[in-house]
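All values derive from a computational prediction rather than experimental measurement. Nothing fancy with the numbering, it's 1 onward along the sequence.
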Amino acid sequence: ILLALVLLGKAVLLFRQVNHVGVADNVPQGIYVNGHADAYLKPDTLLFTLSVNEEGKTVAEATQKTADKINKAITTLKANGVDEAHIKTTYYNVSDKYENINTPCAVVAPSVKMMTTEVVQPCSNISTRIIGATASQSLEVRVKDLDKRDKIVADLAAVAVKVDKI
């Protein structure tokens, strides 16, 4: 009984020492701030994409035509003061060009069997063949001198390169 009274007394003392019942002792203390800000600045960089798509009878012909046009575009950009570090390839693809060939179906003479309720499927003799290749390349360009925008776009158009997105 004496042991039970000692344990009960110890439990009462511990219970009185607890300041906050149900709150963990390791709750971090601090100040928490939440906010939102907007900043409006004058644009200082023009970012645009240009694309070249060329076809040829062979992959070599299509890729050579594309490379020639891309090289003209890069030369034009450099002539307008665009640093080579601000020109990067973002897309390159070579694919076959196909042609559909529709071969006439053989005509079967009517027979007694065809007079029944049998369903005859329509004829479809379409096949494809490779007739060439298409090569595509896109460049992403960053221009720091915004006053040159119109001249750059006009000079690229003069070498038959279209600007996709400005």
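Few gaps surround CD on E99; more than 12 heavy atoms of other groups in view lie less than 6.0 Å from it.
Judged purely by atom type and a 3.5 angstrom limit, T66 uses its side chain to pair as donor or acceptor with the backbone of A135. Counting only distance, with no hydrogens or angles, the side chain of K97 and the backbone of E55 share no donor-acceptor pair below 3.5 Å. Looking only at distances, no side-chain donor or acceptor of K151 sits under 3.5 Å from a matching main-chain atom of N80.
A continuous path of ILVMFWY side-chain contacts below 4.5 Å connects I74 to V159, so both sit in one hydrophobic cluster. In the hydrophobic clustering of ILVMFWY residues, with side-chain heavy atoms under 4.5 Å counting as a link, Y92 and I87 come out apart.
Note: T63 OG1 to N93 CG = 12.0 Å, rounded to the nearest 0.5 Å. Rounding to the nearest 0.5 Å places NZ of K88 at 12.5 Å from OG of S138. With rounding to the nearest 0.5 angstrom, the OG1 atom of T45 is 3.5 Å from the NZ atom of K144. Between atom CG of residue D83 and atom CG of residue L77 there is a gap of 11.5 Å, rounded to the nearest 0.5 Å.
In the model, N34 has no side-chain atom that pairs as donor or acceptor with a side-chain atom of H36 under 3.5 Å.
Using a 4.5 Å heavy-atom cutoff, the side chains of T89 and Q137 are in contact. Using a 4.5 Å heavy-atom threshold, the side chains of V141 and L46 count as separate. Y98 is listed as a side-chain neighbour of I130, based on a closest heavy-atom distance under 4.5 Å. In this structure, the side chains of F48 and I152 come closer than 4.5 Å at one or more pairs of heavy atoms.
The nearest pair of heavy atoms linking A133 to A62 is O-CB, 3.6 Å. Residues V143 and L146 share a closest heavy-atom pair of O-CD2, 4.1 Å. When all heavy atoms of E61 and K57 are compared, the closest pair comes out as OE1-N, 3.1 Å.
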- Task: Start with the C-alpha gap between I70 and L50, add the side-chain angles, then the distance that decides, and say whether side chain to side chain contact (heavy atoms under 4.5 Å, CB included) holds.
- Result: CA-CA 9 Å; I70 285 292; L50 60 90; 4.2 Å; yes

- Task: Begin from the C-alpha positions of V52 and L139 and carry the test side chain to side chain contact (heavy atoms under 4.5 Å, CB included) through to its verdict.
- Result: CA-CA 9 Å; V52 173; L139 300 179; over 6 Å; no

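With respect to E54, the side chain to side chain donor-acceptor pair (under 3.5 Å) criterion is satisfied by exactly one of K69, K65, Q64: K69.
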